[in-house]
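See structure below.
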Amino acid sequence: MKDLEHEFEEMVRKHRGTIYTVCYMFSNDQDEVADLFQEVLINLWKSLPSFEGRSDVRSWIYRVSLNVCISLDHKKRRHKTVPLTMDVNPYEETDTNLNSRQMDMLRQRIARL
C-alpha cells in the first residue's frame with residue numbers, strides 16, 4: 001500500500017498542472033477549482049489500480065480530470081440554484097398583506113387563551 005501511495009503522490013506532483021488546467025477550464029472561482037481538483041484526485045486514486053499503462057499517464061490523468069469536471073458541471077447545471085430574496089421586512093409592522101393580518105389575528109386569539 002505504501003508503494004501505491006508513493007506512486008500516487010509522485011504522479012500528482014508531476015502532473016498537477018494538467019489537473020489544474022482542466023479544472024480552470026470549467027471554473028474561474030478558486031474555491032470551485034479546489035473542489036474540482038479534489039474530486040479529480042479522489043477519482044484518480046480510485047481508478048489507479050485499474051490503470052493498465054496502455055496510454056501515457058498524462059493522457060490518462062487529463063481524461064479522468066476532464067470526465068470528472070464534465071460530470072460535475074452537468075450536475076451543477078441540472079440543479080441550478082435560485083437565490084432567495086426577501087422583498088418584505090419581517091420586522092416591519094406596516095405590512096398590509098392579508099396573510100400577515102391573519103397571523104396577527106391568530107396571535108391575538110392565542111394570547112387571549
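Atom CG of residue Leu66 and atom OG1 of residue Thr18 lie 12.0 Å apart, to the nearest 0.5 angstrom. Here the OH-NE2 distance, from Tyr62 to His15, works out to 15.0 Å after rounding to the nearest 0.5 Å. The CG atom of Leu48 sits 5.0 Å away from atom CH2 of Trp60, with the distance rounded to the nearest 0.5 Å. Note that CG of Asp35 and CG of Asp29 are 8.5 Å apart. Values are rounded to the nearest 0.5 Å. In this structure, Cys69 SG and Tyr24 OH are separated by 12.0 Å, a value rounded to the nearest 0.5 Å. For the atom pair CG of Asp56 and CZ of Arg63, the computed distance is 15.0 Å after rounding to the nearest 0.5 Å.
A side-chain donor-acceptor contact under 3.5 Å links Asn43 to the backbone of Glu39. At least one donor-acceptor pair under 3.5 Å links the side chain of Ser65 to the backbone N or O of Ile61. In this structure a side-chain-to-backbone donor-acceptor pair under 3.5 Å is present from Ser50 to Ser47.
Using cut-offs of 30° and 60° on the angle between ring planes, the pair Phe8 and Trp45 is perpendicular.
Glu32 places none of its side-chain heavy atoms less than 4.5 Å from the side chain of Phe26. Contact of the Glu7 side chain with the Asp3 side chain is not registered, since no non-hydrogen atoms from C-beta on lie closer than 4.5 Å.
Residues Ile70 and Val64 share a single hydrophobic cluster, defined by chaining ILVMFWY side chains whose heavy atoms lie under 4.5 Å apart.
When the shell of 6.0 Å around CG of Asn28 is examined, it contains 12 or fewer heavy atoms from other residues, nucleotides or ligands. Heavy atoms of other residues, nucleotides or ligands lying less than 6.0 angstrom from CD of Glu10 number more than 12.
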Derivation of the side-chain contact (heavy atoms from CB on, under 4.5 Å) call for Leu44 and Ile19: CA-CA 10 Å; Leu44 286 171; Ile19 301 169; 3.8 Å; yes
Verdict with reasoning, Val57 to Phe51, per side-chain contact (heavy atoms from CB on, under 4.5 Å): CA-CA 9 Å; Val57 174; Phe51 177 63; 3.8 Å; yes
